[in-house]
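Quick notes on the structure that follows.
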Amino acid sequence: MTGNDVKPDLTGGVAFGPDVRGLTRVLAFIEKWGNKLPHPFYLFAIIAALIAVVSAIVSATGATTYDPATGDELPVKSLLSGEGAAYAFTSAIDNFVEFPPLGLIITVMLGIGLAERVGLLSTFMRGSVLAAPGWAVTFVVVLISLLGNLASDSAMVIVPPLAAVAFMVAGRHPLVGFGASYAAVTAGFSANLIPAGTDVLLSGITTSAAQLVDPEAVISPIANYYFMGVSTLLLAVSITLVTGFVEKRLGTYTGDAEADSEQLRPEEKKGLLRAGLAILVYLAVLVLALLPAGSPFRGEEGAILRSPFMSSIPVFLMLLFLIAGVTYGITAKTLTAWDDVPRMMADAVKELVPFIVVIFTAAQAIAWFSWTNLGMLIATNGADFLESANLNGVGGLLIFALFVTLPGLMITSGSALWTLLAPIFVPMFMLAGVDPAATQAAFRITDSSTNTLVPMNPMIPVILGLMQKFEPRAGLGTLFSLILPFTAVIWIVWLLQFLVWGLLGLPVGPGHGIML
């Protein structure tokens, strides 16, 4: 039975668990009004139009702001003027093709897409979950699920069913494993030990927003690496502990689902081993290339943080996944001809077409926001407010993280939401002395932790179908009552980690702290 074979019962008809009708009604309300939001393409087109109108109104008042780098006065310019119209049309193509996230995400997806299509990522997840020893099943299941964002949204349908089977094999309730895994995959989407497409995409958007204040600003894909790396282990432990509570609530499993699972074939095991060795050799070559003081990959005076190496991280990630994917594919015989490599890479890029379409209007909106100086006007006034309210970096960022909760429930795409918020909040916090990487981290923890409660998620019917393999009466109420304890803990632990991280003044990534 698959997700397509089951007509989901959205009434939450399972007898166990607390009454979640109130939660279901709230989520239904959010779903109803969230569905009324236009497609992101139109949403950013509307925002661009509003920027044009507002710029004309504000410009007519003679409003000015200032350049934080030079202190020079900057007038707010109208897009509904001759100069503004000329700018809008002549810059449209440049705004699109030079939008930082565009090239970054396409580059990385060339490698990740190949690795996914040859079966490397799914085989690694399946093998790790099913090979876990009984005493470590929960932790391994959760950790692999947190690493699932390497496979993007496909991890939602790959890992949770495997986790359920692993729990059944261990004599435990399969829905507990399913819920823990699903919560880790979705709510912990930003946490990872290996930089993924999410890091590349968000860093590109943050860079674009930061350049409103500092044209030379660059936020690398590993700008949140320290924070997210520790988050991965911290969330894995937290979710593992919550699993015991959920397991007691559900009690003994009495369903009739079979615990049959497909073990890795010999060629798949050999493929994983050789891919792992290929990665180690590749990383060793990178280290050797970076070690000499005169390495061309180093920056001025031998610097590493501001260097060609850091600027090339997306390319190095692409090559890592390409090398591992090709090695696995040849060994596991999922690559049968060299022509399969560019074909699979092209298939991966095809999946980005909806993103590319949205980026066109998003890039115009952000560029117009910058050109009119509306972005700088809001940023300078917002920074003045933060200073007058005596909100230090950590306090202001925590308030911002809490603010993200509501729009995070309404807008399904995290990248679309960050594209909307970054041009406002990144410059605002920069002018208050906050590192853009820290603002990005504050956004990620709340946007990610609320993913499980987004009722507009198009994957929900599929998830319900997969759940119903183990509990035929499972509905939307079952799903939300199952994952709510996990979601609450992830949200609280992540906010506490961010608070402690900021108070200790720890760097969120190489060369990036809470404050500039």
Side-chain angles (χ1 to χ4, degrees), residues 20 22-37 40 43 47 146 149 182-191 198 202 205-206 209 224 227-228 231 234-235 238-239 242 382 385-386 389 391 393-426 428-429 434 436-460 476 479-502 508 514:
V20 293
L23 174 62
T24 302
R25 283 195 294 268
V26 171
L27 293 170
F29 174 82
I30 293 173
E31 179 175 14
K32 175 184 176 181
W33 291 101
N35 284 336
K36 293 182 181 296
L37 291 173
L43 178 63
I47 291 171
L146 287 167
N149 63 34
Y182 177 69
V185 168
T186 51
F189 192 78
S190 271
T198 303
L202 295 183
I205 297 170
T206 307
N224 292 152
F227 182 82
M228 290 303 169
S231 292
L234 186 60
L235 292 181
S238 302
I239 296 172
V242 177
F385 168 76
L386 290 175
L391 287 172
V394 180
L397 288 173
L398 282 175
I399 292 175
F400 168 62
L402 294 172
F403 162 78
V404 171
T405 302
L406 184 57
L409 290 171
M410 302 291 287
I411 299 178
T412 315
S413 169
S415 59
L417 180 58
W418 187 228
T419 304
L420 185 65
L421 298 179
I424 299 172
F425 290 98
V426 168
M428 179 188 301
F429 279 109
V434 176
T439 308
Q440 176 181 280
F443 166 81
R444 294 177 72 174
I445 61 178
T446 312
D447 174 68
S448 182
S449 60
T450 55
N451 279 341
T452 55
L453 300 178
V454 178
M456 294 85 71
N457 187 340
M459 297 296 290
I460 281 183
L476 190 61
L479 176 62
F480 285 120
S481 66
L482 180 64
I483 62 177
L484 192 56
F486 296 111
T487 301
V489 168
I490 290 171
W491 186 70
I492 292 170
V493 168
W494 231 338
L495 287 173
L496 288 175
Q497 181 196 351
F498 191 81
L499 174 62
V500 173
W501 205 273
V508 293
I514 297 293

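Every value quoted in this text rests on a predicted model; they were computed, and no experiment measured them.
Interatomic distance, Thr419 OG1 to Ile205 CD1, rounded to the nearest 0.5 Å: 3.0 Å. The OG atom of Ser238 sits 10.5 Å away from the CD1 atom of Ile492 when rounded to the nearest 0.5 Å. Note that CG of Asn451 and OG of Ser190 are 8.0 Å apart. Values are rounded to the nearest 0.5 Å.
Considering every non-hydrogen atom in both Phe400 and Thr439, the closest pair reads CE2-O, 3.7 Å. Across all non-hydrogen atoms, the minimal contact from Gln440 to Asn224 is NE2-OD1, 2.6 Å. Heavy-atom minimum distance, Gly502 versus Ile514: CA-CG1, 3.7 Å. In terms of heavy atoms, Ala184 sits closest to Leu146 at O-CD2, 3.5 Å. Closest approach of Ala209 and Ala422 over heavy atoms only: CB-O, 3.4 Å. A pairwise comparison of heavy atoms in Val426 and Pro436 identifies CG1-CB, 3.9 Å as the closest pair.
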Test log, rule side chain to side chain contact (heavy atoms under 4.5 Å, CB included), inputs Ile239 and Val489: CA-CA 7 Å; Ile239 296 172; Val489 168; 5.8 Å; no
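No donor-acceptor pair closer than 3.5 Å links the side chain of Thr487 to the backbone N or O of Thr452. For the pair Thr450 (side chain) and Asp447 (backbone), a donor-acceptor distance under 3.5 Å is present. Under a 3.5 Å cut-off, the side chain of Ser449 and the backbone N or O of Ala187 do not form any donor-acceptor pair.
Taking a 6.0 Å sphere around CH2 of Trp501, one finds it holds more than 12 heavy atoms contributed by other residues, nucleotides or ligands.
Between Thr405 and Trp491 the shortest side-chain heavy-atom distance falls below 4.5 Å. Side chains of Leu495 and Leu402 form a contact here, defined as non-hydrogen atoms less than 4.5 Å apart.
In this pair, Phe498 and Phe227 present their aromatic rings perpendicular. The plane angle is above 60°, beyond the 30 to 60° band.
Residues Thr446 and Trp494 have side chains that never bring a donor and an acceptor to within less than 3.5 angstrom of each other.
In summary, the aromatic rings of Phe425 and Phe403 are positioned with their centroids under 6.0 Å apart.
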